[in-house]
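First up is the structure itself, then whatever we jot down about it.
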Amino acid sequence: MNSIDLSATASGTLEQVLVKQNEQVTKGQKLAVIESKALTSTQQEALNTLNNKQSYYQRLYSLYKQGAVSFQTMDDAKLDYLNAKAAYEKAQADVNDTIVFAPMDGTVIGEPMKTGETVSQGLSSQMVIMTIADLSSMQIELLVDETDIGGVAIGQNVEFTVDAYPDRTFHGVVSNISKKEYSSSSSSSSSSSSSSSSVVYYTVYVNINSNELQGLYPSMTARATIKGKEDTDALIIPVTAVRSDTEGSYVYKMESGKLKKVYIKTGITTDTKVEVTSGLSAGDQVVTSGTISQETATTKDTDKQKRGGMRL
């Protein structure tokens, strides 16, 4: 979601707040007015000085053309006039900053500050007068562990839920992946020792499908699943059945009442199952536990004899 916190670049009292919470605004619309007597007074002083310096310069310029004053005298008057003009333009700009305009089309989210409240400018602690958000293009920000971020890519589909609608699934697409890490630290201690650890996450931005925005609110907590590799017609076996040596991955397959070592090629792997892309066929029996020296080694048909879905 694109949102902007509007703060004051001028100090004073809110003279007018022209919008309310949840109101739609358009770019350039006047939202609030700050009354600042000091800035208004400075602007008036600068205008008076400008008028005086301009009049004086024009008189000397006329006399200079007649040869009545020197060039230096006229040029000094011109410099004073230009400095007065610059001072007035700055004072005018400061007064203009007392009017808050909408920087984009959007919606006022949250309650704006009220008329009569005092606002002040500052870099370290900005006072937010109101927040404008574009609710037509909302995003969710997911924190993905560093061990999983390698499997995330722009364009992948995402499914997520929110607490407000536990039986409803929303959808989106990964639009960006931040390369700046976010660290979460934890620590533990006892009478004899202490330890601390830090987990690194990366922020993944997901654009929510525009036709599913109804009912969603900013700052909701989302629980999401990013769809990585997916095969809707996969031959899968328990991950415990797969062994490996220097030549690759293999399984023990039951063939004519005997166990046979068969090398396989694997695809998508989850915590419990693995996709077999070659080396086995649907219906083959493989050893899923024990060792080949044990007569009690169990076997199990490869899952989904009609083949099934496999998803990471």
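Numbers here are sequence positions counted from 1.
The shortest distance between side-chain heavy atoms of Leu235 and Glu275 does not fall below 4.5 Å. Using a 4.5 Å heavy-atom cutoff, the side chains of Thr131 and Ile4 are not in contact. Using a 4.5 Å cut-off on side-chain heavy atoms (C-beta onward), Ser278 and Lys265 make contact. Side-chain contact check for Glu117 versus Val119: every heavy-atom pair is 4.5 Å or farther apart. Contact annotation: the side chain of Thr225 never approaches that of Phe160 to less than 4.5 Å [non-hydrogen atoms, C-beta and beyond].
For Gln44 (side chain) and Ser41 (main-chain N/O), no donor-acceptor pair under 3.5 Å exists by modelled atom type. Using modelled atom types, no side-chain atom of Thr13 and backbone atom of Gly116 make a donor-acceptor pair closer than 3.5 Å. Counting only distance, with no hydrogens or angles, the side chain of Thr240 and the backbone of Thr288 share a donor-acceptor pair below 3.5 Å. At least one donor-acceptor pair under 3.5 Å links the side chain of Gln156 to the backbone N or O of Gly151. When atom types are taken as modelled, the side chain of Asp94 and the backbone of Asp97 share no donor-acceptor pair closer than 3.5 angstrom. Under a 3.5 Å cut-off, the side chain of Ser36 and the backbone N or O of Ser11 do form a donor-acceptor pair. The backbone N or O of Asn48 sits nowhere less than 3.5 Å from a side-chain atom of Asn51 that would complete a donor-acceptor pair. A donor-acceptor pair under 3.5 Å is formed between the side chain of Thr42 and the backbone N or O of Ala38. At least one donor-acceptor pair under 3.5 Å links the side chain of Glu23 to the backbone N or O of Lys20.
Cluster annotation: Tyr182 is connected to Val199 through the hydrophobic network of ILVMFWY side chains, with a link wherever side-chain heavy atoms come within less than 4.5 Å. Hydrophobic clustering of Ile, Leu, Val, Met, Phe, Trp and Tyr side chains at less than 4.5 Å, counting indirect connections, keeps Val17 apart from Val33. Placement of Met220 and Leu213 within a single hydrophobic cluster is found when ILVMFWY residues are connected by side-chain heavy-atom separations under 4.5 Å, directly or transitively. There is no path of hydrophobic side-chain contacts, each under 4.5 Å, that joins Met138 to Val173. Cluster membership check: Val95 does not share its hydrophobic cluster with Leu14, using side-chain heavy-atom separations under 4.5 Å among Ile, Leu, Val, Met, Phe, Trp and Tyr.
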Derivation and outcome, side chain to side chain donor-acceptor pair (under 3.5 Å), residues Asp105 and Thr26: CA-CA 4 Å; Asp105 295 345; Thr26 57; 4.9 Å; no

Chi angles and distances behind the side-chain contact (heavy atoms from CB on, under 4.5 Å) call for Ile237, Leu280: CA-CA 10 Å; Ile237 61 175; Leu280 291 176; 4.3 Å; yes

side-chain contact (heavy atoms from CB on, under 4.5 Å) assessment of Ile34 paired with Gln16: CA-CA 7 Å; Ile34 302 170; Gln16 292 178 298; over 6 Å; no

Stepwise side-chain contact (heavy atoms from CB on, under 4.5 Å) test for His171 and Glu159: CA-CA 5 Å; His171 303 83; Glu159 293 182 347; 3.7 Å; yes

From CA spacing to verdict: side-chain contact (heavy atoms from CB on, under 4.5 Å), Val25, Leu31: CA-CA 9 Å; Val25 299; Leu31 305 178; 3.8 Å; yes

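Atom NZ of Lys261 sits in a crowded spot, with more than 12 heavy atoms from other residues, nucleotides or ligands closer than 6.0 Å.
For the atom pair Arg223 CZ and Phe170 CZ, the distance stands at 13.0 Å (nearest 0.5 Å). The distance from atom CG of Leu216 to atom CD of Gln214, rounded to the nearest 0.5 Å, is 9.0 Å. Going from atom CD of Gln43 over to atom CD of Gln92 covers 4.5 Å, rounded to the nearest 0.5 Å. With rounding to the nearest 0.5 Å, the separation of CG in Leu6 from OG1 in Thr9 is 10.5 Å. Atom-to-atom distance recorded for Lys53:NZ and Asp80:CG is 4.5 Å, nearest 0.5 angstrom. Note that OG1 of Thr73 and CG of Asp75 are 9.5 Å apart. Values are rounded to the nearest 0.5 Å.
Between the side chains of Tyr202 and Asp148, not a single donor N or O lies within less than 3.5 Å of an accepting N or O.
Smallest separation of non-hydrogen atoms from Pro112 and Gln21: CD-N, 4.0 Å. In terms of heavy atoms, Asp134 sits closest to Ser136 at OD1-OG, 2.5 Å. When all heavy atoms are compared, the tightest approach of Glu181 to Val200 is CB-CG1, 3.5 Å. The shortest heavy-atom contact between Gln24 and Gln29 is O-OE1, 4.3 Å. Nearest heavy atom pair, residue Ser3 against residue Ala133, reads CB-CB, 3.8 Å. The two atoms that bring Ala10 and Thr98 nearest to each other are CB-CG2, 4.0 Å, heavy atoms only.
Through direct or relayed side-chain contacts under 4.5 Å between Ile, Leu, Val, Met, Phe, Trp and Tyr, Leu60 connects to Leu47, Leu50, Tyr56, Tyr57, Tyr61, Leu63, Tyr64, Val69, Phe71, Met74, Tyr81, Leu82, Tyr88.
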Distance-only donor-acceptor hits, side chain of residues 203-211, under 3.5 Å, sequence neighbours excluded:
residue	atom	partner	partner atom	Å
Asn207	OD1	Gln139	NE2	2.8
Asn207	OD1	Ser175	OG	3.4

